[in-house]
> 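Here it is, the structure, as structure tokens.
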Amino acid sequence: KGYSMISLITKSLKFARYMAKCVLIAAGFLLILQALFIAGGLKVWKISGVSMMPTLSDGSHSLTCSYTPINRGDIVTVRSPIKDGEYWVKRVIGIPDDRIFISGNYLEVNGEPDLISQKFKYSSIDVQNETNIMLLDGEYFIAGDNRRLSYDSRYVGPVKEDSIVSEQLLNF
């Protein structure tokens, strides 16, 4: 059966309208989804660097939420205390009122080795300087899981609660 030129043009226009409607619905859905993410304090971050290896790899992604309480052991995104516009992803080692003992790559919290120091068997053999810190209200002690290659609270001191942007929910 043959189609006339007008019939083909009409069918093409109907198909184009259908496709345009699908694209608009998909774009609207994505905008609504993005608004829900923002309203819910959710954000996706790309991990850059090796300070959290092997827990987080360079180039992986992390879904975070800015409306969750911060606890010891959480992985958080923090505004860099030394460079504007830069963010760090680190683990919370100490929370307000904790006493932190530092000896090189080894950390203790309230007299107990922190979980990462235990897991990766960090020691203090080659370190001569040891430090004790008592965290005040609104102060957190953060460190990377890859202690040998992490620039963190051992060097810049505790971070303030208002510099913690979000907590990690999911790593992918």
Side-chain angles (χ1 to χ4, degrees), residues 28-124 130-172:
F29 177 74
L30 289 175
L31 286 173
I32 290 169
L33 190 61
Q34 183 178 14
L36 289 173
F37 256 67
I38 292 168
L42 299 174
K43 184 171 181 177
V44 175
W45 297 85
K46 183 175 182 183
I47 307 301
S48 177
V50 296
S51 73
M52 284 300 293
M53 285 186 68
T55 309
L56 301 174
S57 302
D58 184 37
S60 65
H61 292 82
S62 182
L63 174 65
T64 66
C65 181
S66 58
Y67 299 125
T68 58
I70 304 302
N71 298 301
R72 189 181 302 109
D74 288 348
I75 296 174
V76 295
T77 304
V78 180
R79 280 184 209 87
S80 168
I82 58 173
K83 187 175 181 185
D84 284 341
E86 185 175 279
Y87 294 89
W88 294 354
V89 176
K90 305 292 180 188
R91 185 175 301 277
V92 175
I93 303 299
I95 59 176
D97 298 322
D98 279 350
R99 181 171 300 283
I100 307 294
F101 170 76
I102 309 165
S103 182
N105 295 320
Y106 177 77
L107 299 171
E108 281 184 1
V109 181
N110 301 323
E112 297 290 325
D114 82 287
L115 297 175
I116 299 302
S117 287
Q118 287 178 329
K119 183 176 180 179
F120 297 116
K121 297 179 178 44
Y122 289 119
S123 66
S124 59
E130 295 179 347
T131 306
N132 279 296
I133 297 173
M134 181 68 179
L135 297 175
L136 304 174
D137 262 356
E139 288 186 335
Y140 291 82
F141 192 93
I142 58 169
D145 289 357
N146 186 357
R147 299 280 161 74
R148 286 174 173 69
L149 298 175
S150 178
Y151 194 73
D152 48 45
S153 286
R154 293 173 296 157
Y155 303 99
V156 299
V159 296
K160 299 290 183 191
E161 185 172 17
D162 62 359
S163 70
I164 298 175
V165 176
S166 58
E167 177 195 354
Q168 179 194 28
L169 299 177
L170 178 67
N171 181 41
F172 54 96

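Computed over heavy atoms, backbone and side chain alike; hydrogens, waters and symmetry mates excluded.
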> Specify the closest pair of heavy atoms between Lys90 and Ser150, including all atoms of both residues, with the distance to one decimal.
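So the minimum-distance heavy-atom pair works out to NZ-OG, 3.1 Å.
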> Is the number of heavy atoms from other residues, nucleotides or ligands under 6.0 Å of Phe29 CZ greater than 12?
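No, not enclosed.
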> Which heavy atom of Leu107 sits nearest to which heavy atom of Ala143, and what is that distance?
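Closest approach of Leu107 to Ala143: CD1-CB, 4.0 Å.
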> Answer yes or no: is there a donor N or O on one side and an acceptor on the other, between the side chain of Arg154 and the main chain of Arg147, under 3.5 Å?
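Checking the backbone N and O of Arg147 against the side chain of Arg154, a donor-acceptor pair under 3.5 Å is found.
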> Less than 3.5 Å apart, any donor N or O on the side chain of Thr64 or Gln168 sitting next to an acceptor on the other?
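Absent: no donor and acceptor within the cut-off.
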> Please determine whether a side-chain nitrogen of the Lys or Arg among Lys160 and Asp162 lies less than 4.0 Å from a carboxylate oxygen of the Asp or Glu.
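Answer for the salt bridge query: no.
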> Looking only at atom types and distance, does a side-chain atom of Asp114 sit under 3.5 Å from a main-chain N or O of Ile116, one as donor and one as acceptor?
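Confirmed, Asp114 side chain pairs with Ile116 backbone.
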> Between Asp98 and Arg72, is there a side-chain N and carboxylate O pair less than 4.0 Å apart?
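The answer is yes: the pair qualifies as a salt bridge.
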> Using modelled atom types and a 3.5 Å cut-off, is there a donor and acceptor pairing between side-chain atoms of Asn110 and backbone atoms of Arg99?
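Here the side-chain-to-backbone pair exists.
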> Under the criterion side-chain contact (heavy atoms from CB on, under 4.5 Å), which of Ser48, Pro81, Ser51 is the partner of Trp88?
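It is Pro81; the other options fail the test.
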> Can you see which heavy atom on Asn171 is nearest to which on Thr55, and at what distance?
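Smallest interatomic distance, heavy atoms only, reads ND2-O, 3.6 Å.
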> Salt-bridged, Asp145 to Arg91, with N to O below 4.0 Å?
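Looking at Arg91 together with Asp145, the answer is yes, because their closest N to O distance falls below 4.0 Å.
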> How far does CG of Leu63 sit from OG of Ser166, to the nearest 0.5 angstrom?
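Going from the CG atom of Leu63 to the OG atom of Ser166 covers 9.0 Å.
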> Taking atom types as modelled and ignoring hydrogens, do the side chains of Lys43 and Ser66 form a donor-acceptor contact shorter than 3.5 angstrom?
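Side-chain D/A pair, Lys43 to Ser66: absent.
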